[in-house]
Amino acid sequence: FPEKLARFLLASGAMTESGYLSVKAMAEAMISQNRCRSLSMLEVNGTDLSAAGLCGKEIGETLSALLDRVMRGDIPNEHNALISSVNIPK
């Protein structure tokens, strides 16, 4: 998906050739290293977050935020680390 988006942005003039090549290289590295790049690859899921006390829209928003943080390398894709990083309402 990132490569398709980058190709679209390149074709529309919103991205430079060097930007496209950078995104393409990052996407290829993520795939070759089997790094987490989708919600289904996260070591937590909606059931885990529900059991931790989240509900409804909070679950999807939290999963998306966790995926962003994992993809940026801010937090490891490990169940305990992910659950510990979630702000659970009291």
Side-chain angles (χ1 to χ4, degrees):
F1 176 76
E3 185 180 349
K4 288 180 182 180
L5 176 59
R7 218 175 315 136
F8 170 78
L9 293 172
L10 176 65
S12 69
M15 179 180 274
T16 65
E17 180 74 22
S18 63
Y20 166 75
L21 293 174
S22 177
V23 169
K24 183 178 177 191
M26 286 189 309
E28 289 172 351
M30 288 180 77
I31 291 167
S32 70
Q33 296 168 9
N34 199 29
R35 289 182 22 209
C36 181
R37 60 188 180 276
S38 68
L39 292 175
S40 64
M41 295 178 81
L42 277 177
E43 291 296 323
V44 296
N45 58 35
T47 303
D48 298 319
L49 296 181
S50 179
L54 297 180
C55 60
K57 207 164 95 170
E58 292 175 314
I59 293 173
E61 291 170 352
T62 301
L63 286 170
S64 292
L66 289 172
L67 177 60
D68 287 344
R69 292 182 66 198
V70 167
M71 290 177 67
R72 284 194 314 261
D74 296 341
I75 188 169
N77 186 23
E78 298 168 358
H79 186 272
N80 289 340
L82 294 167
I83 292 294
S84 296
S85 74
V86 174
N87 293 324
I88 307 297
K90 304 272 179 192

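Quick caveat: nothing in here was measured; it's all calculated off a predicted structure.
- Here the CG atom belonging to Leu63 is positioned 11.0 Å from the CG atom belonging to Asp68, to the nearest 0.5 angstrom.
- Formation of a donor-acceptor pair under 3.5 Å by the Asn77 side chain with backbone atoms of Met41 is found in this model.
- Panel note: side chain Ser50, backbone Gly46; no donor-acceptor pair is recorded below 3.5 Å.
- Residue Leu66 holds its CG atom at 11.0 Å from CG of Asp74, rounded to the nearest 0.5 Å.
- The CD atom of Glu61 lies 12.0 Å from the CG atom of Leu49; values are rounded to the nearest 0.5 Å.
- Residue Leu82 comes nearest to Glu43 through the heavy atom pair CD1-N, 3.9 Å, listed as atom of the first residue, atom of the second, then distance.
- Contacts of Ala81 classified as side chain to side chain contact (heavy atoms under 4.5 Å, CB included), with partners at least two apart in sequence or in another chain: Ile75, Pro76, Glu78.
- Residues Val44 and Thr62 fail the side-chain proximity criterion, which asks for heavy atoms closer than 4.5 Å.
- Between the OG atom in Ser64 and the CG atom in Leu39 there is a gap of 5.0 Å [rounded to 0.5 Å].
- With rounding to the nearest 0.5 Å, the separation of CG in Asp48 from NE2 in His79 is 3.5 Å.
- Between Leu21 atom CG and Thr16 atom OG1 the span is 8.5 Å, to the nearest 0.5 Å.
- Scored by the side chain to side chain donor-acceptor pair (under 3.5 Å) test, Ser12 finds no partners at all (sequence neighbours excluded).
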